[in-house]
Protein chains: 6
Amino acid sequence: MRPDGRQPRDLRPFAVTLHPNKYAEGSVLIEMGDTKVLCTATVDEKVPPFMKGQGRGWVTAEYAMLPRATQTRNQRESIKGKLGGRTMEIQRLIGRALRSIVRLEALGERTITIDCDVLQADGGTRTTSITGAFIALALAVNKLAASGKFARYPITDFLASVSVGVWNGTPVLDLNYEEDSKAKVDMNVVMTGRGAFVEVQGTGEESPFTREEMNDMLALAEEGIGRLIGLQREALGEAGARIGTALV
Amino acid sequence: MRPDGRQPRDLRPFAVTLHPNKYAEGSVLIEMGDTKVLCTATVDEKVPPFMKGQGRGWVTAEYAMLPRATQTRNQRESIKGKLGGRTMEIQRLIGRALRSIVRLEALGERTITIDCDVLQADGGTRTTSITGAFIALALAVNKLAASGKFARYPITDFLASVSVGVWNGTPVLDLNYEEDSKAKVDMNVVMTGRGAFVEVQGTGEESPFTREEMNDMLALAEEGIGRLIGLQREALGEAGARIGTALV
Amino acid sequence: MRPDGRQPRDLRPFAVTLHPNKYAEGSVLIEMGDTKVLCTATVDEKVPPFMKGQGRGWVTAEYAMLPRATQTRNQRESIKGKLGGRTMEIQRLIGRALRSIVRLEALGERTITIDCDVLQADGGTRTTSITGAFIALALAVNKLAASGKFARYPITDFLASVSVGVWNGTPVLDLNYEEDSKAKVDMNVVMTGRGAFVEVQGTGEESPFTREEMNDMLALAEEGIGRLIGLQREALGEAGARIGTALV
Amino acid sequence: MRPDGRQPRDLRPFAVTLHPNKYAEGSVLIEMGDTKVLCTATVDEKVPPFMKGQGRGWVTAEYAMLPRATQTRNQRESIKGKLGGRTMEIQRLIGRALRSIVRLEALGERTITIDCDVLQADGGTRTTSITGAFIALALAVNKLAASGKFARYPITDFLASVSVGVWNGTPVLDLNYEEDSKAKVDMNVVMTGRGAFVEVQGTGEESPFTREEMNDMLALAEEGIGRLIGLQREALGEAGARIGTALV
Amino acid sequence: MRPDGRQPRDLRPFAVTLHPNKYAEGSVLIEMGDTKVLCTATVDEKVPPFMKGQGRGWVTAEYAMLPRATQTRNQRESIKGKLGGRTMEIQRLIGRALRSIVRLEALGERTITIDCDVLQADGGTRTTSITGAFIALALAVNKLAASGKFARYPITDFLASVSVGVWNGTPVLDLNYEEDSKAKVDMNVVMTGRGAFVEVQGTGEESPFTREEMNDMLALAEEGIGRLIGLQREALGEAGARIGTALV
Amino acid sequence: MRPDGRQPRDLRPFAVTLHPNKYAEGSVLIEMGDTKVLCTATVDEKVPPFMKGQGRGWVTAEYAMLPRATQTRNQRESIKGKLGGRTMEIQRLIGRALRSIVRLEALGERTITIDCDVLQADGGTRTTSITGAFIALALAVNKLAASGKFARYPITDFLASVSVGVWNGTPVLDLNYEEDSKAKVDMNVVMTGRGAFVEVQGTGEESPFTREEMNDMLALAEEGIGRLIGLQREALGEAGARIGTALV
């Protein structure tokens with residue numbers, strides 16, 4: 001039995017609130033259990049210097065936690081004067097994952113920046129951020145599409161992410177903070193709506209893991225991400241209709 | 001007539017949600033119209049180095065805006081690598097204002113840090129932060145009081161803040177972003193429940209103002225803050241009962 | 001009786017030395033009692049990026065204290081690697097105040113930067129900086145005017161600043177360090193030659209203040225600034241002749 | 001056929017030079033093809049503040065590339081004033097991987113820091129760094145062991161790492177720079193001498209990958225790491241004799 | 001003939017004003033022609049961490065230029081967020097030079113920090129800073145000596161510095177800015193009252209120099225420093241009486 | 001007798017390995033005893049902003065030590081977030097020295113950056129860096145010359161550097177770390193193939209030195225540099241043939 005009474009294959013309660021922000025081109029408040037992330041998408045009609053003149057767009061992400069998102073308060077990175085390694089790692093991951101399901105050449109020379117700000121953290125903030133960032137991105141892309149900016153719809157597929165781990169000898173899905181801090185293995189998986197892997201990051205610092213454990217965890221992740229993509233589809237409704245219809 | 005149809009002495013709709021954060025010792029989501037600020041209070045059982053050994057406590061504040069709290073996205077200060085002047089000015093103001101109604105010697109050697117994170121900004125973020133920070137502080141102090149930490153209740157009075165300005169030749173209360181950006185004068189006022197001034201900051205960069213205009217604005221601010229303190233008292237209910245009963 | 005024997009409405013001895021620097025377009029060493037500030041004005045034939053192409057100029061200020069301007073040595077901000085909140089607050093204030101009496105469109109696309117470097121500090125460094133910065137600015141503007149750069153004279157009025165406070169229950173003018181550190185209230189006021197308010201910043205962290213105390217302090221400030229502007233006028237002589245003659 | 005003529009399961013030429021540095025407690029120059037990394041181990045008789053008083057040791061790593069390790073020169077991070085995200089990600093990975101095969105409680109309150117400085121980069125710098133860092137760590141631990149510092153030998157197993165990817169539709173082992181920059185998938189795998197996984201990091205930004213491709217890549221990695229650990233064992237000779245004899 | 005009409009062996013007009021700062025333990029305003037440096041000495045009753053517990057003192061220096069000390073304004077290093085190479089080089093030089101004539105063990109565990117702030121620069125700011133820093137140091141040491149802090153007088157000799165160069169083919173003494181920017185060689189020399197060399201820094205970036213030119217420049221420097229030390233002795237009067245009487 | 005058995009005029013064993021780096025336009029590994037420096041030259045087809053449009057080139061240098069180049073590990077400057085004063089001083093020196101033997105106008109608008117990375121340090125890292133940097137520069141210039149980039153060969157002379165000092169009362173050449181840390185005087189000298197001085201930097205912080213000691217040290221340096229330039233000439237072989245043939 002897991003600390004919060006879930007079965008190994010259970011996701012935590014999932015909730016999304018669309019458009020919590022009145023300025024952003026797309027925004028969503030996503031909750032996985034007590035983990036709450038506010039994701040906003042900002043469209044900028046230019047690209048970073050290294051991409052200028054290629055006729056392609058860019059998608060990038062930034063990630064941060066409010067200081068008291070966690071049990072004890074963390075110092076702000078703005079006050080430390082630099083981003084920590086964990087923050088950089090996570091925001092690079094979110095950006096990479098999103099770009100895997102976007103045709104950058106279809107975007108045109110514009111940048112979409114997804115800000116993932118963790119209001120409350122109870123495990124799985126990076127995977128929840130990816131799942132939410134996809135929704136904010138889709139809303140922003142739809143808004144641009146509605147004003148006729150694209151010849152071809154730029155999003156090629158759904159995208160979601162979940163964590164899996166080995167807890168008390170059992171592979172479990174969607175770890176909360178308590179599980180995460182005690183798990184033997186911690187693996188974050190990002191997949192597309194068609195079931196392909198975009199990122200697999202498994203770490204066994206406390207204890208290396210076997211090939212069999214890895215297979216079990218990947219199977220759990222596949223199943224969990226499938227369900228999350230169903231929930232995304234439902235939440236987006238009409239707004240998700242064009243995703244993945246135009247095959248690559 | 002004001003852009004959103006209010007009369008000169010009208011406050012915007014005010015709403016508070018207590019305890020939005022499950023970890024913080026005190027927390028509140030405060031809304032003044034479309035301005036939304038999440039305030040959390042963190043209690044730390046030590047004081048900054050410069051105060052060690054004096055038997056007194058400390059109250060301080062930090063302020064930040066999410067990048068897309070505003071109409072156009074602002075770069076994160078963590079990425080710039082430093083706090084901007086505006087941020088520093090505001091968080092120094094919030095801290096100073098809160099300390100004016102706290103008996104630091106009654107707190108004991110502990111620090112209460114109030115984080116004010118602006119989720120959405122539509123004018124008056126610094127004044128709304130002060131009004132909300134007071135509530136978060138009161139909740140945290142009550143929690144400490146409930147476990148018998150204080151010989152004497154440390155909060156001496158209520159505290160709230162509002163902006164006033166001269167808009168189209170008329171003194172108006174509680175400016176939203178549109179008014180703020182066009183007002184001739186912008187003044188932020190912080191007052192206590194007993195009606196004393198804690199801070200008055202008036203700026204007439206666009207156009208210097210007269211003594212008479214100043215008097216009119218101060219009168220509006222007094223009235224508005226009186227109403228805000230009434231709303232704070234209501235929101236806190238029992239949790240506000242001990243504030244200001246023990247006179248200095 | 002005040003610590004240095006002054007009456008409540010007395011300013012400290014005021015002295016200005018024009019042109020202490022042989023390179024700057026305008027410079028002044030200003031002394032208010034033992035507070036000494038070197039102000040230099042630099043003219044740059046371009047504006048910051050955010051103002052390009054508008055045909056308007058810019059006036060900005062920087063403020064710093066030498067490490068041993070004070071009783072105990074302060075670490076240099078260049079060594080800390082960043083400006084402190086107090087420094088930013090002060091230099092933003094000086095810049096704002098100066099811009100309130102300059103027609104930016106009359107300046108043309110050029111920037112005037114006023115550096116206020118405190119050689120010795122004995123209270124009132126920010127107000128003295130503003131009073132001195134105005135003189136340096138006027139000298140630089142005159143130099144430009146003499147070479148025919150302006151269709152319309154860009155300075156619209158005189159500008160000076162002073163501090164007021166409540167010390168031992170009495171409102172007093174122009175606090176020195178000893179008074180400042182013990183005063184109940186500390187208020188900095190900036191006014192124009194026509195007697196309008198540009199900035200009012202009053203702080204009662206130690207003890208909130210009443211409307212009546214505020215009125216008394218403002219009256220003292222008005223009187224003191226009137227005298228300071230007389231002294232500026234005298235110091236500038238011919239160089240001040242065109243200020244404020246061309247009404248807005 | 002691969003760009004350098006290798007078969008899909010071929011490693012590049014592997015060479016190690018032990019003790020290239022006369023000061024470090026352990027050092028090795030490791031070469032995988034044209035990728036050359038200098039790894040030094042430094043023993044410090046204390047632990048970081050967050051570990052004090054627990055009786056356990058710490059193993060950490062730092063990673064950097066010389067500016068001209070690559071085809072075009074990179075600006076030094078010391079001049080940029082901060083570490084980039086890639087550097088942080090890699091050095092966190094190396095440290096985590098090493099700690100997975102060290103009994104920290106057996107180390108005692110000391111820190112071993114492994115510096116991995118890339119002298120020349122031709123793909124696989126992070127995996128080569130891990131393989132080399134293990135050797136430098138083993139040499140330093142042996143030196144401490146020889147002077148009787150440990151009751152129990154702290155290293156529990158060998159550790160090596162390799163990259164795998166899908167190149168031209170074929171899974172290949174140990175990608176060089178040319179392959180790496182064009183591969184569809186890039187996966188870094190870290191494993192122990194007993195064949196357990198410590199880290200699996202697969203990224204399909206350019207193109208998501210299937211479960212089958214993942215299985216093929218993992219199989220290649222297992223085989224390649226097995227060979228690398230054989231080469232480490234040979235290079236260490238007597239110095240590797242005690243690793244992994246004392247089972248956990 | 002030199003640009004300002006001096007002969008090759010002429011120093012510029014030299015002036016010192018003692019005690020320009022009312023707080024510092026020692027202070028001097030030194031002028032060499034139009035180069036003006038304010039030097040203050042601060043005594044701190046502790047030493048830097050790396051010297052703790054050795055019973056010895058420390059002497060260090062910091063150097064900075066006001067932004068408009070020069071013909072065109074320089075950005076403040078506090079705003080750049082770091083010290084430039086030139087600043088570091090100069091302040092290291094001043095500190096080293098001063099320590100060469102101080103018995104650190106006689107100082108006791110205290111630090112004397114000399115701040116050299118250049119108010120106006122016209123060549124020779126580093127050499128003028130050294131000559132002035134010595135005077136500020138002597139005044140501070142005397143103040144400590146007067147209150148009986150030392151068993152043995154800590155200053156062993158006078159110290160001054162001057163620049164020499166080759167200008168239009170002729171070796172010249174004490175270059176001003178115009179000469180400095182066009183000189184073939186630029187050499188800074190620091191010497192003691194007994195005529196020993198403390199620092200010799202000669203640079204021929206524009207054109208390497210011969211041994212003979214070097215000899216000529218050193219002879220000029222010896223003579224010039226002899227005169228400067230005479231001027232220091234005169235300026236210090238009684239305050240210089242104990243310097244160098246107690247031979248090492 | 002010197003610690004390593006050398007006579008006062010003996011250089012340490014000198015070795016150079018040409019082309020250790022496969023990407024750089026010029027590279028050398030230089031060893032003076034146990035001091036080992038990797039020097040790489042990078043050609044960039046543009047100049048820094050301050051030189052644009054003058055038709056001249058630029059030569060600059062960067063210097064760093066690997067963290068464990070020394071007996072105890074030094075923290076990386078990338079982690080400190082800034083370059084130390086020593087690093088800046090050294091890299092400015094290397095750049096200045098190299099520019100003294102390059103006709104910048106003959107280079108054309110391109111920059112050559114020499115990176116000197118100290119792999120192991122045993123005294124004389126700055127002088128060894130200069131001697132090695134010259135070789136890397138010559139190789140890069142030859143490569144450009146071979147592809148017909150220059151109308152006139154840009155290097156005017158050989159350049160090398162060595163340290164001299166007074167150790168146990170005797171002037172000695174090429175100090176190793178042990179000597180360097182105990183020497184009375186430490187002087188770094190840079191000279192050209194024609195025997196002219198480019199830089200002389202002598203420091204007597206521990207003990208001022210006499211004119212006679214200076215003369216002895218300069219004579220030793222002249223002799224030692226003569227031998228080093230012979231070794232450079234030999235190492236470069238044909239690659240050095242054009243240096244200095246075209247007199248200025």
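Quick note on labels: first sequence line is chain A, next is B, and so on, each numbered from 1.
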Between atom CE of Met187(E) and atom CZ of Phe197(F), what is the distance when rounded to the nearest 0.5 Å?
9.0 Å
Okay, Asn215(E) and chain F: the region with an atom under 4.5 Å from a heavy atom over there is both
For atom NZ of Lys184(E), decide whether the heavy atoms of other residues, nucleotides or ligands shown that lie under 6.0 angstrom number more than 12.
yes
Option in Met191(F), Met214(F), Arg96(F) with maximal non-hydrogen atom pairs under 4.5 Å from chain E
Arg96(F)
If we only count heavy atoms from C-beta on, is the Gln201(F) to Val200(E) side-chain gap below 4.5 Å?
no
Using 4.0 Å as the upper bound for N to carboxylate O, is an ion pair formed by Arg99(E) and Glu206(F)?
no
Interface check, chain F: of Gly195(E), Gly85(E), Gly204(E), Gly95(E), most non-hydrogen pairs under 4.5 Å belong to Gly85(E)
Where on Leu98(E) is there a heavy atom nearer than 4.5 Å to chain F: the side chain, the backbone, both, or neither?
neither
Answer yes or no: are there more than 12 heavy-atom neighbours, outside Phe150(F) itself, under 6.0 Å from its atom CZ?
yes
Grab the two heavy atoms, one from Ala196(E) and one from Pro208(F), that are nearest each other, plus how far apart they are.
CB-CB, 3.4 Å
Looking at Lys82(E), Glu222(E), Arg211(E), Glu213(E), which makes the most heavy-atom pairs under 4.5 Å with chain F?
Arg211(E)
In terms of heavy-atom proximity below 4.5 Å to chain F, should Gln91(E) be classed as side chain, backbone, both, or neither?
neither
For atom CD of Glu212(F), decide whether the heavy atoms of other residues, nucleotides or ligands shown that lie under 6.0 angstrom number more than 12.
no
Can you tell which of Arg92(F), Met88(F), Arg86(F) makes a side chain to side chain contact (heavy atoms under 4.5 Å, CB included) with Glu89(E)?
Arg92(F)
Are more than 12 heavy atoms, taken from residues, nucleotides or ligands other than Lys46(E), located less than 6.0 Å from that residue's NZ atom?
no
So for Thr203(E), is it side chain, backbone, both, or neither that comes closer than 4.5 Å to the heavy atoms of chain F?
both
Return the option, out of Ala97(F), Gly202(F), Ser207(F), Gly84(F), with the maximum number of heavy-atom pairs under 4.5 Å with chain E.
Gly202(F)
When the 4.5 angstrom heavy-atom criterion is applied to Leu93(F) and chain E, the contacting part is neither
